Amino acid sequence: KQEVTQIPAALSVPEGENLVLNCSFTDSAIYNLQWFRQDPGKGLTSLLLIQSSQREQTSGRLNASLDKSSGRSTLYIAASQPGDSATYLCAVHNNNAGNMLTFGGGTRLMVKP
Amino acid sequence: DAMVIQNPRYQVTQFGKPVTLSCSQTLNHNVMYWYQQKSSQAPKLLFHYYDKDFNNEADTPDNFQSRRPNTSFCFLDIRSPGLGDAAMYLCATSAGFYGYTFGSGTRLTVV
């Protein structure tokens, strides 16, 4: 059974810092990995999608990497801003369980002005 | 913009009174999902439709049912809401391996 772990569970940084959020998964048989952002009381917004054949994806100040063989992904946020404060969820799309997503527990990020 | 729309954003219902949450999509995705998310927890899959085929998760309570009358719409019915059913309910869609798209969610309060 796929298990997804996100470290740290919470992170507080001053504005302007570069930061890395970590995601690990136990079963490397995945189609893709997706990073989401969730603001309090809101739905999930997709940030980046990395297919299993890809190593990284970039969007603006965000860069996500994938090392499928070691079961790891990182989300790099450059020059963090207070508006980046949210919960970041990593989810893997398993290829041995139909069309299922397995979520990590999330990292709650606070960027202080 | 193509999107997933959930209505209402906030729903208050009485203990034991049936309630229906709705989801619509303009993406023409063949798979639709309902997730339940409680405070500070990851979303938990309740069930999903692959086209018209309904797939229930083993631990989804019988109190929860779903309907998908066509490709665009999907409904979540809670027959007799209990206090433990208060949560955010998220609808999502997918097609192939192109990632999931989530709606903004419906926050359900049971009084």
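Given the structure is predicted, the values throughout are model-derived calculations rather than measurements. Every chain is numbered from 1 and lettered A, B, ... according to where its sequence line falls, protein lines coming before strand lines.
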Item to complete: Please round to the nearest 0.5 Å and tell me the distance separating atom CZ of A/F36 and atom OH of B/Y100.
Response: 8.5 Å

Worksheet entry | Heavy atoms from other residues, nucleotides or ligands near NZ of B/K38 exceed 12 (cutoff 6.0 Å) | yes

Practice prompt. Can you establish whether the number of heavy atoms outside A/R72 located under 6.0 Å from its atom CZ is more than 12?
Written response: no

Worksheet item: Looking only at heavy atoms, which two atoms of A/G104 and B/A42 are closest? And how far apart?
Response: O-CB, 3.4 Å

Worksheet entry | From CG (A/L89) to CZ (B/F102), nearest 0.5 Å | 9.0 Å

Fill in: Contacting region of A/L44 [heavy-atom separation from chain B under 4.5 Å]
both

Fill in: B/Y98, OH: over 12 other non-hydrogen atoms inside 6.0 angstrom
no

Discussion item. With a 6.0 Å cut-off (strictly less than), is the heavy-atom count around CZ of A/R37, excluding the residue itself, greater than 12?
Written reply: yes

Discussion item. Run the side-chain contact (heavy atoms from CB on, under 4.5 Å) test on B/Y33 and A/L101 for me, step by step, so that the C-alpha distance in whole Å, both residues' side-chain angles and the decisive distance to 0.1 Å come before the verdict.
Written reply: CA-CA 10 Å; B/Y33 310 80; A/L101 270 188; over 6 Å; no

Practice prompt. Give the member of A/T45, A/D39, A/N32 that has the highest number of heavy-atom pairs under 4.5 Å with chain B.
Written response: A/N32

Discussion item. Please rank B/S104, B/P43, B/S40 by heavy-atom pairs under 4.5 Å with chain A and give me the top one.
Written reply: B/P43

Worksheet, complete the sentence: Bottom line for B/Q37: the part with an atom under 4.5 Å from chain A's heavy atoms is side chain

What donor-acceptor contacts under 3.5 angstrom involve side-chain atoms of residues 7-19 of chain B, with partners at least two apart or in another chain?
residue, atom, partner, partner atom, Å
B/T13, OG1, B/K17, O, 3.2

